[in-house]
Amino acid sequence: MTLAAFLNPRSVAVVGASQKEDSVGGRLIGQLAASFRGDIYPINPRYDSILGLPAYPTISSVGRQVDLVLAAAGSAMIPAVLREGAESGVQGAVVYSSGFAEVGGDGQALQQELTRVVEETGIRLLGPNCLGFANFRRGLKATFTRIPFEMDGGNIALLGQSGSVGIGAVSLLRDDGARVGFWMATGNELDVSTGEFAQALLRSPDDSPDVIAMVVEGVKKAEDVMRAGRMAAKAGKRIVLLKVGRTERGRAAAVSHTAALAGSYATFRAGCEQNGIVMVETIRELVDVTRGFAAGRRARGNRVVLVSSSGGAGALMADVTEEAALALPAPSDGLRARLAEHLPSFGTAANPVDITGNLVNDLRPTAAVLEEIGATDEFDLIAYSTVARTLPDAHREMLLLAKDATAKPFFALAHQPDVLQKMAARGLTCFADGAAMVRVLGKLVEAEDLARFFDLTEVAAAGVPTVSAGAGALPEFDAKRLLSRYDIGVPREAVVDDDVAAVAAVARLAGPAVLKIDAAWLPHKSDVGGVILGVRGDTDAAAAYRRLVGIAEAHRPAPDAAYRVLVAEQIPAGIELMLGMLRDPVHGAVVTLAAGGVSAEIMAESQLSVVPFNRARAETMVDRLWGGRLVHHPRGLTAAARAGLVDAVMAVARLAASEPSVSEVDVNPLIATADRVIAVDALVVLSGDESR
């Protein structure tokens, strides 16, 4: 069944409607009667009428089509209410009551019963334990919380699990002059989720917003969120998302660094980026970025020009441009000369452009500067400071004309709330904080950049699996053979079973060798001294072999626990990285790139992508690591090593897609030298599951 009953119901029944104004049923029926233009049916056997509307004892007694039920009843009564509604042709229901899975125990059992009702009847359910929703465009306030304002609808929708957080954000948006068309709180998300409803809004011919702001907590249906993000971006719309609980610790590492680094929030954020969703970290940022997108202009590049009548305000905004990934280019000589013609001698035709406080006396120079800036192709974004109550109305009119004369994103600073609201009503988006304004411009640029990750046409299809069923870790030698099948470079190496073979293997290698214990039961061999570096010559090789055998015998968990000794070329010093893959229970295979060696968990800074992803995404992972220093620092990767590392990231993604029985990969260290990238050590864990 569709979600049309929540978007545009023709009729609504309120189970538990009441004449008591401050009761849940009273508030519901009161807000509906005040503004909803469809049919309203109060359901309560104790009343003949409520607010002048005929009341009915049951849903079935209404005798006419009911599209949506608002259930203001105790939790124990809800299953019966839903069954009766479904039998009467009701398409959707909102369950406000708590006492379900969120309280555990009997509540969990009651929520399971609700789940059965939904599955058996097909009725769509919002909640339980939710505040409901409001479609302001249609005057439909299906909530018992008091909405202390009126709106006739706008191009913003706000969806989230928490009702109080959501209605608070709606209030902030309204206070800043934004227009919200739809708000919904999904509560426990037994059935309808934020992601699914976002898709329904985007498909709606009448209620589709330009921006959907989302506040999510536990994400049960991540794929719905990701699909909504991609739908929005492809339609030229935006989803801005705040994830609550992002500091939740990731899963405890079983045997690898990958598991420790691939925390749930990091994985969710990567998935959002790959699907065009813009992430924010606070409610204030959610409100600001949402307003920025709602202004309707798209960034064509990242070159911002700052225009200010205060040198201090211009400097404050300039300080944030690097953090916001914005370029702050100086005007060309020609443009600089033209700007200087309009400015007083004590102004500045650089960037920031200082128009000075002389605008109080004469607005014409400022208007001329903004005209030049709006028309030039040297800048993509315009930030203006400041609109103030003390300036004449002509100043505001001048800004509106300048904004309308260009297609570039054009924002202004307005510290005073009344000025900010008035300018918003006239079509100029303003911010109370100049730094926040610059960050919003950065988000506009970021949203355009995310489109690079959409094209998956060149991503290699999954190949035929080469690893048979099994469970547990592979020995290192076998793990690296698997990596090499996917074109990941590995050292020249061999496994040996006696000291004579060890001596021969070392002799075949040009330069020093490394000897290691190779055993599936010892994933962290260096912790027990199971790795010996710099082995040269016959005597050293034989002694190293015997020493490793002694260590293995002392640590093996059972007399029949197998082990071998691995002899490998010693890779020259380089940049040590960690490259891994983990199968997330929500998102599927996730590839992680991070610092390698012993610093992997100490630094705990990583880049992640959800499989499948394209080469542009792999390049972004490499280029972002350590704030870009891995690539841009003089001692960072060479061009050849960068390309090799991108190849290795893509190879691990192919492995993840092709080898369903591989649950985890941990290449640590992956050493990048000047001309190649080599998997020096590797751990591969099998899940025992061969299904895709």
Side-chain angles (χ1 to χ4, degrees), residues 4-100 114 117 121 123-153 163-164 167 182-185 187 192:
F6 302 99
L7 284 168
N8 186 25
R10 294 162 297 177
S11 56
V12 178
V14 180
V15 176
S18 174
Q19 290 182 348
K20 298 177 181 178
E21 293 184 2
D22 286 332
S23 67
V24 172
R27 290 183 178 185
L28 284 169
I29 201 73
Q31 294 200 122
L32 282 175
S35 58
F36 181 53
R37 294 181 289 275
D39 295 326
I40 305 170
Y41 303 115
I43 309 296
N44 194 323
R46 293 182 295 174
Y47 298 102
D48 294 327
S49 66
I50 298 175
L51 297 181
L53 299 168
Y56 301 86
T58 61
I59 299 171
S60 56
S61 66
V62 172
R64 289 178 289 277
Q65 175 63 41
V66 175
D67 294 332
L68 179 67
V69 165
L70 309 183
S75 57
M77 299 173 58
I78 296 300
V81 169
L82 295 187
R83 286 193 183 277
E84 183 196 2
E87 291 170 0
S88 301
V90 172
Q91 299 175 8
V94 183
V95 177
Y96 305 96
S97 52
S98 56
F100 293 91
L114 276 191
V117 173
T121 65
I123 193 170
R124 300 310 306 270
L125 186 149
L126 178 63
N129 186 35
C130 75
L131 280 187
F133 70 95
N135 188 333
F136 296 105
R137 187 188 304 275
R138 303 184 187 282
L140 175 57
K141 298 177 183 178
T143 177
F144 63 87
T145 191
R146 295 291 190 194
I147 299 180
F149 48 79
E150 296 294 331
M151 282 192 285
D152 59 0
S164 60
I167 203 68
F182 201 97
W183 159 75
M184 174 177 278
V192 178

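All residue numbers in this chain count up from 1 along the given sequence.
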Closer than 3.5 angstrom, by distance alone: can the side chain of [X] be matched with the main-chain N or O of [Y] as a donor-acceptor pair?
| X | Y | value |
| --- | --- | --- |
| Gln91 | Ala4 | no |
| Thr143 | Thr145 | yes |
| Asp67 | Arg10 | yes |
| Asn44 | Ala17 | yes |
| Gln19 | Ser49 | yes |
| Ser35 | Gly139 | yes |
| Gln65 | Ser11 | no |
| Ser75 | Ser97 | no |

Check step by step if side-chain contact (heavy atoms from CB on, under 4.5 Å) holds for Val15 and Ile59. CA-CA 8 Å; Val15 176; Ile59 299 171; 3.9 Å; yes
For residues [X] and [Y], determine if any side-chain heavy atom of one lies less than 4.5 Å from a side-chain heavy atom of the other.
| X | Y | result |
| --- | --- | --- |
| Leu126 | Val95 | no |
| Lys141 | Phe36 | no |
| Tyr41 | Val66 | yes |
| Asn135 | Phe6 | no |
| Pro128 | Tyr96 | no |
| Val94 | Leu125 | no |
| Val12 | Leu32 | yes |
| Arg27 | Arg146 | yes |

Value rounded to 0.5 Å, distance of [atom1] in [X] from [atom2] in [Y]:
| X | Y | atom1 | atom2 | value |
| --- | --- | --- | --- | --- |
| Leu140 | Gln31 | CG | CD | 10.5 Å |
| Leu7 | Arg137 | CG | CZ | 11.0 Å |
| Ile40 | Leu28 | CD1 | CG | 11.0 Å |

Closest contact, heavy atoms only, [X] versus [Y]:
| X | Y | value |
| --- | --- | --- |
| Ser61 | Tyr56 | OG-CB, 3.5 Å |
| Gly30 | Leu51 | CA-CD1, 3.8 Å |
| Pro79 | Ala76 | CD-O, 3.6 Å |
| Pro42 | Leu53 | CG-CB, 3.8 Å |

Modelled atom types, side-chain donor and acceptor of Ser60 and Thr58, under 3.5 Å: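 The answer is yes; a qualifying pair exists.
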Test Leu114 against Ile78 for side-chain contact (heavy atoms from CB on, under 4.5 Å), laying out the working first. CA-CA 8 Å; Leu114 276 191; Ile78 296 300; 3.5 Å; yes
Tell me which pairs pass salt bridge (Lys or Arg N to Asp or Glu O under 4.0 Å) where either residue lies in residues 47-66, with sequence neighbours left out.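 Residue pairs with at least one partner in residues 47-66: there are none.
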Could you list all the salt bridge (Lys or Arg N to Asp or Glu O under 4.0 Å) pairs where at least one residue sits in residues 71-85, not counting sequence neighbours?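 Every pair satisfying salt bridge (Lys or Arg N to Asp or Glu O under 4.0 Å) with a residue in residues 71-85: Arg83-Glu120.
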On the 0 to 90° scale, with breaks at 30° and 60°, tag the Phe133-Phe182 ring pair as parallel, tilted or perpendicular. parallel
As a quick check of understanding, evaluate side-chain contact (heavy atoms from CB on, under 4.5 Å) for Leu68 and Val90, giving each step before the final call. CA-CA 6 Å; Leu68 179 67; Val90 172; 5.8 Å; no
Does the pair Val14 and Ile50 meet the rule for a side-chain contact (heavy atoms from CB on, under 4.5 Å), with working shown? CA-CA 11 Å; Val14 180; Ile50 298 175; over 6 Å; no
